[in-house]
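Here is the naming used below: chain letters follow the sequence lines, and residue numbers restart at 1 for every chain.
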Amino acid sequence: MYEAVVIGASAGGMRALQTVLSGLRSEFPLSVAIVQHVSPSADSYLAEYLDGKCALTVKEAEDKEAMAPGTAYVAPPGYHLLVEKDRSLSLSVDARVNFSCPSIDVLFESAAEAFGRGLIGIVLTGANADGSAGLKSIRARGGLAIVQDPATAEAAFMPRAALETAGADHVAALEEIPALLEKCVSLNEGGAHGAKANG
Amino acid sequence: MMEENEREDLEIDLLLEGIRRRYGYDFSNYSHASLKRRLAQLRDRAGLARYTAMLDRVLHDERFFDELLMQMSITVTEMFRDPGFYRAVRDEVVPILKTFPFVKIWHAGCATGEEVYSMAMLLHEEDFLDRVRIYATDFNKHALDAAEKGIYPLEKAQAYAANYQAFGGKGDFADYYTTAYDRVKIKDFLREKVTFSYHNLVTDGVFGEMNLICCRNVLIYFDRTLQERVFRLFTQSLRHGGFLCLGNKESLNFSGIKPLFETADARQRIFKKTGELEHV
Ligand SMILES: C[S@@+](CC[C@H](N)C(=O)[O-])C[C@H]1O[C@@H](n2cnc3c(N)ncnc32)[C@H](O)[C@@H]1O
């Protein structure tokens, strides 16, 4: 059973996130958590912007908020976003990880622990290697990994690094990712956990 | 069979229990995900394979415990971090505080003191510092020492100057410190307004009769149970009409004390105490 999706993006991520999220219906039954690299002093514009463009509810993550289905939570600028065992969200202002705060690895590693096999991790466009180690943890705990096809990414470095470090169950163009996610969900409804077999 | 995850969590529970009984520090109600991350870093740095190996080490080696304590206390901070917050204190809160002959301010979780000196500078610029006493507390003794000395790397001061500009400071930031080589020292007229002391929010009690409590980016490290304890502690430590200032991503929304406060500035997370806890 898939329970949640975590997405990491950096350079070019705004457009990429919009493509992926706007392809999901408002009743999409999983929770989504997102780290997009931004400057720590940026305002909270990203969540509002995406919310306006997507059927899914998109909001900035609040500390100790429970993750709800059909909702995407965006890490606030300047805070790491983590998932707790009870599937609530925590924020922290720890030192930067991979020169980033929020860091994709921090989200992915904590979510991997919380959801194990129930997690889908997605690495999108970006110009640094954040997310690679996190995606590796997701796979090590039985979760599913999707990486944007570097050939289609605005910045290929991040998806390429993820593929090198962690590999992936699916390498896909942005436009294909919503359908992939829906397929995972339909497998949920069928009770199987076999999306990997099709990778 | 027990999954690796569950076994690790059991090990961490035992480690925290050992720390609590041996040293009196209770981390069991810290947010688990980031706590685990920090423990894992220390474990790897110390070259230990397991959390139970850390337990053994921590029980018999006080220096290792000290290192662990430092690792558990994240002292990331800045002067005039969130410039809009300081502007709101200056423009909305200080005018009300000025109606009192004398005012007490508590910075809980002050780390290395940057936030405290920012507040002192702001109050100085409002010609109010002479009527204020600032109490600054933390449970990290090394951070408190650094805070009391008020010495910071020059390059950080340069970054803080940019925050000060964004805040809209009325003076010249460089007037608040003296420079020697690659470091700056906060001037005495600011330092002598602050009393630094040890206070652990998990175990220590009320810190009385405050007009303003500033506790920013500390509560995010606590779970809801511990947050609630600390919120009650703050409520009891505040005078009626006093102000509670939280970090930009912290709120009273999930707390039982919410009805005892009105919102003074929603965006900057400033709340005004209008009710009392019932004494049981
Ligand atoms: C991220 S810093 C926040 C510093 C500053 N308030 C700011 O916002 O820039 C968190 C601080 O909380 C302190 N802290 C954590 N647990 C505490 C406790 N139980 N009692 C007192 N202070 C604590 C840490 O030592 C650290 O200095």
The reported gap from CG in B:Leu219 to CG in A:Leu91 (rounded to nearest 0.5 angstrom) is 12.0 Å

Checklist entry - More than 12 non-hydrogen atoms from neighbouring residues, nucleotides or ligands closer than 6.0 Å to NZ on A:Lys136, yes or no? => result no

Honestly, the part of B:Asn248 sitting under 4.5 Å from a heavy atom of chain A is both

Applying a strict 4.5 Å limit to non-hydrogen atoms, the region of B:Gln227 in contact with chain A is side chain

Here the gap from A:Lys64 atom NZ to B:Ser251 atom OG, rounded to the nearest 0.5 Å, amounts to 10.5 Å

- Is the shortest distance from a Lys or Arg side-chain nitrogen in A:Asp94 or B:Arg37 to a carboxylate oxygen in the other one below 4.0 Å? no

I'd like to know whether CZ of B:Arg183 has more than 12 heavy-atom contacts from other residues, nucleotides or ligands below 6.0 angstrom. no

* Asked: Would you find more than 12 non-hydrogen atoms of other residues, nucleotides or ligands less than 6.0 Å from A:Arg160 atom CZ?
  -> no

Applying a strict 4.5 Å limit to non-hydrogen atoms, the region of A:Lys85 in contact with chain B is side chain

**Report entry** Neighbour count above 12 (heavy atom, 6.0 Å) for B:Arg267 CZ
**Finding:** no

One should read off an interatomic distance between B:Ile220 CD1 and A:Glu62 CD, to the nearest 0.5 angstrom, of 13.0 Å

Between the NZ atom in B:Lys249 and the CD atom in A:Glu60, the distance rounded to the nearest 0.5 Å is 3.5 Å

| Is B:Lys170 atom NZ crowded by more than 12 heavy atoms from other residues, nucleotides or ligands, each under 6.0 Å away? | yes

| said: For a 4.5 angstrom cut-off between non-hydrogen side-chain atoms, does A:Asp63 reach B:Phe222? | reply: no

In this structure, NE2 of B:His32 is separated from OG of A:Ser90 (nearest 0.5 Å) by 11.0 Å

Check this for me: B:Arg50, atom CZ, are more than 12 non-hydrogen atoms of other residues, nucleotides or ligands nearer than 6.0 Å? no

Tightest non-hydrogen contact, residues B:Ala33 and A:Glu84, listed as N-OE1, 3.0 Å

Would you check, one step at a time, whether the test side-chain contact (heavy atoms from CB on, under 4.5 Å) holds for A:Val93 with B:Glu78? CA-CA 11 Å; A:Val93 291; B:Glu78 281 170 36; over 6 Å; no

Okay, A:Glu113 and chain B: the region with an atom under 4.5 Å from a heavy atom over there is both

Whatever's closer than 4.5 Å to a heavy atom in chain B on A:Ser92 counts as both

Legend entry - Over 12 foreign heavy atoms within 6.0 Å of CD, B:Gln41: yes

Under 4.5 Å to a heavy atom of chain B? For A:Val83 that would be backbone

Whatever's closer than 4.5 Å to a heavy atom in chain A on B:Ile74 counts as side chain

